[in-house]
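For reference, the structure is listed below as structure tokens.
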Amino acid sequence: MDLIGRRYDTGELIRLEVAGDKVHTVTPITVDSGHPNDHPWIAPALCDLQVNGYGGQEFSSPTLTPEAVQRITRQMDTFGVARSCPTVTTNSPEVMLHAVRTIAAACEASPAVAYRLPGIHVEGPFISPIDGPRGAHPLAYVRPPDWDEFQRLQEAAGGRIRILTLSPEYDGAAAFIRRVADTGVIVSIGHTAATPEQVRAAADAGATMSTHLGNGAHALIPRHRSYLWAQLADDRLTAGLIVDGHHLPPDVVKTFLRAKTPARCVLVSDVSGLAGLAPGRHHSEMCELEILPGGKLVVAGQSEVLAGASAPLGTCVANVLRFGEVSLAEAIAMATTRPARLLGIEAGGLNPGDPADLVLFDLIRSDGEQPPRFEVRGVLIHGEPCGVR
Ligand SMILES: [Zn+2]
């Protein structure tokens, strides 16, 4: 199979030949007719470390089935996302065990699903109980770190948990983090009210990420002694950023990117299970939510209180170009090779021998009213063309 597109990193027009699940040859070409810009961009397919569900189904749900896991995963294909981490958020021990067990069952039933889901992200329940940092996680199920519970989850997941988001504000958190990190699981700081000292102690103990930095935080923070500065200043922590246009204002995105540098940032969608539903009011297990016409997901009747994200990862790529003043090559790296490297997997690429996980897309500039768009024209995952709407 041959693909023609403009390289995301150099802008050069290429013909890329795929053989099996690998890139075979890559040849620069010139076009006889039309303009090179008529061709789509070509880049590695995306890798999203935080997907909570889609189309009315949360992963963290007592009703999750392997079929629903497969459905959500195939939906990600259409967004150009080849690999993603199904994210199981704070809930009762029974529901969290059910969720990870069901995701594992879906992976065992289908090699295609297993390829697309290289690891589960467990976000909570060992997070801050405090309003603001806790975000939309239900207080009733927030609890301090518990090694035995984590072990039970990992066992139910068949060892597939790859990221654990927690708050280091609890006594004994550092020892717990060291123990988890020693098993090869990425420990990510998030939904936290920790002191700067506790953030540093967490990184000393092996934490290597910050989960959606700047969200799941107090509305007001002390200007100097803050978990935000402590995480921004610590080069051992790679920051996950939700750049959907709603979760972080442009100034914050630009400042975070300058502090951490694009090399220490990854883009995440954090899409909610309600993403993909029509605008209007929807009932979730937690509360009444509303999807506004632009796709913003809020608590019903409160247009400024975010209740989750609804934009796929490509939207974050399009936004970060504008907000962060980064190149397309850097924006794509933050959504492909960098998150893949954290997971210890190989992203697609544009060199012979690279995995044929590729996306062809157009970037539609913002017209002032509409945000910029990442429009998927074609997707190849594991060498196979996948459905695009
Ligand atoms: Zn979160």
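Heavy-atom basis, side chains included; hydrogens, waters and symmetry copies ignored.
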Nearest 0.5 Å, please: how far is CE in M96 from CZ in F59?
13.5 Å

Pairing of D204 and R178 as salt bridge, 4.0 angstrom limit:
no

Would you say Q57 and Q75 make side-chain contact, with heavy atoms under 4.5 Å?
no

For T87 and N52, which I'm curious about, is there any donor-acceptor pair between the side chains at under 3.5 Å?
no

Under 3.5 Å: donor-acceptor pair, side chain of S110, backbone of C107:
no

Please tell me whether D244 and N319 have a donor and an acceptor in their side chains that are separated by less than 3.5 angstrom.
no

Joint cluster assignment, I189 & L49, ILVMFWY side-chain distance < 4.5 Å:
no

How far apart are the closest heavy atoms of L257 and G324, and which atoms are they?
CD1-CA, 3.6 Å

Rounded distance [0.5 Å steps], NE2 in H121 versus CD1 in I186
9.0 Å

Side chain of D146, backbone of E149: donor and acceptor closer than 3.5 Å?
yes

Any idea which heavy atoms bring A259 and L232 closest together, and the distance?
CB-CD2, 4.1 Å

Using a 3.5 Å distance criterion without hydrogens, assess whether the side chain of R83 forms a donor-acceptor pair with backbone atoms of V81.
no

Carboxylate-amine/guanidinium contact E155 R101, below 4.0 Å
no

Identified side-chain contact (heavy atoms from CB on, under 4.5 Å) partner of L16 from the options D354, I4, V23, T27
V23

Sub-4.5 Å side-chain heavy-atom contact between L380 and L3:
yes

E384 atom CD, neighbour heavy-atom count above 12 within 6.0 Å
no

Atom CZ in R322, atom CG in L363: separation rounded to 0.5 Å?
12.0 Å

Judged by atom type as modelled, is there a donor-acceptor pair below 3.5 Å linking the side chain of D48 to the main-chain atoms of S269?
yes

State plainly whether one hydrophobic cluster holds both V69 and V100, where clusters connect Ile, Leu, Val, Met, Phe, Trp and Tyr through side-chain heavy atoms under 4.5 angstrom apart.
yes

Can you list everything that forms a salt bridge (charged side-chain N to carboxylate O under 4.0 Å, His left out) with R179? Sequence neighbours excluded, please.
none

What are the two closest non-hydrogen atoms of A157 and A104, and how far apart are they?
O-CB, 3.6 Å

Carboxylate-amine/guanidinium proximity below 4.0 Å for E325 and K254:
yes

Within the 4.5 Å heavy-atom criterion, are C386 and R116 side-chain neighbours or not?
yes

Tell me which pairs pass ring-ring contact (aromatic ring centres under 6.0 Å, His included) where either residue lies in residues 302-351, with sequence neighbours left out.
none

hydrophobic_cluster_shared for I364 and F79, side chain cutoff 4.5 Å:
no

Check the surroundings of atom CG in D171: do more than 12 heavy atoms from other residues, nucleotides or ligands lie under 6.0 Å from it?
no

Checking R162 side chain against L343 main chain: does a donor-acceptor pair fall under 3.5 Å?
yes

Test of ring centre spacing under 6.0 Å for F176 and Y170:
no

Taking atom CZ as the centre, does R258 end up with more than 12 heavy-atom neighbours from other residues, nucleotides or ligands that are less than 6.0 angstrom away?
no

Return yes if a side-chain donor-acceptor contact under 3.5 Å exists between E288 and H283, otherwise no.
yes

According to side-chain hydrogen bond (donor to acceptor under 3.5 Å, both in side chains), who are the partners of S167, at least two apart in sequence or on a separate chain?
E169, T192

May I have the step-by-step check of side chain to side chain donor-acceptor pair (under 3.5 Å) for Y115 and D357, ending in yes or no?
CA-CA 11 Å; Y115 183 78; D357 289 342; 2.6 Å; yes

Interatomic distance, R236 atom CZ to R200 atom CZ [nearest 0.5 angstrom]
9.0 Å

Which Ile, Leu, Val, Met, Phe, Trp or Tyr residues join I130 in one cluster when any pair of side-chain heavy atoms under 4.5 Å counts as a link?
none

Could you list the donor-acceptor pairs under 3.5 angstrom formed between side-chain atoms of residues 208-224 and any protein atom two or more places apart in sequence or on another chain?
| residue | atom | partner | partner atom | Å |
| --- | --- | --- | --- | --- |
| S210 | OG | Q231 | OE1 | 2.7 |
| T211 | OG1 | T165 | OG1 | 2.6 |
| T211 | OG1 | S188 | OG | 2.7 |
| H212 | ND1 | N215 | O | 3.2 |
| H212 | NE2 | E123 | OE2 | 3.1 |
| H212 | NE2 | H191 | NE2 | 3.1 |
| N215 | ND2 | H247 | O | 2.8 |
| H218 | ND1 | Y227 | OH | 2.8 |

Please determine whether a side-chain nitrogen of the Lys or Arg among D235 and K260 lies less than 4.0 Å from a carboxylate oxygen of the Asp or Glu.
no

Does any part of the side chain of S303, heavy atoms only, come nearer than 4.5 Å to the side chain of L292, both counted from C-beta?
yes

What are the two closest heavy atoms between A331 and V320, and how far apart are they?
CB-CG1, 3.5 Å

Between CG of D362 and CZ of F374, what distance do you get to the nearest 0.5 Å?
9.5 Å

Main chain of T195, side chain of Q198: is a donor-acceptor contact present, judged purely on distance under 3.5 Å?
yes

Any donor-acceptor pair under 3.5 Å from H282 side chain to A278 backbone
yes

Under the criterion side-chain contact (heavy atoms from CB on, under 4.5 Å), which of L360, V359, D9, L328 is the partner of W41?
L328

Closest non-hydrogen atom pair, S92 against R143:
C-NH2, 3.9 Å

Counting distance only, does the side-chain N/O of S310 pair as donor-acceptor with the main-chain N or O of G295 below 3.5 Å?
yes

Would you say the side-chain atoms of R6 pair up with the backbone N or O of H39, donor to acceptor, closer than 3.5 Å?
yes

Are side-chain heavy atoms of R377 and F361 found at a separation under 4.5 Å?
no

Under the 3.5 angstrom rule, does the side chain of T315 hit a backbone N or O of A311 as a donor-acceptor pair?
no

Does L237 share a hydrophobic cluster with I163, counting links as ILVMFWY side-chain heavy atoms below 4.5 Å and allowing steps through other members?
no

Taking the side chain as every heavy atom from C-beta outward, state whether H24 and P352 have any pair of such atoms under 4.5 Å apart.
no

L46 and V253: same hydrophobic cluster, using ILVMFWY side-chain contacts below 4.5 Å?
yes

Determine, for D131 against R134, whether the closest basic-nitrogen to carboxylate-oxygen distance falls under 4.0 angstrom.
yes

Is the closest side-chain heavy-atom distance between V268 and L241 below 4.5 Å?
no

Enter the distance from L342:CG to C85:SG here, rounded to the nearest 0.5 Å.
9.5 Å

Scan residues 333-342 for pairs that pass side chain to side chain donor-acceptor pair (under 3.5 Å), counting only residues two or more places apart or in two chains.
none

Working note: Y8 + I42, criterion side chain to side chain contact (heavy atoms under 4.5 Å, CB included); need CA distance, chi angles, decisive distance, verdict.
CA-CA 6 Å; Y8 75 101; I42 183 165; over 6 Å; no

Locate the shortest heavy-atom distance separating P44 from I332; write the atom from each residue and the value.
CD-CG2, 4.0 Å

Quick check: do P168 and I177 have side-chain heavy atoms less than 4.5 Å from each other?
yes

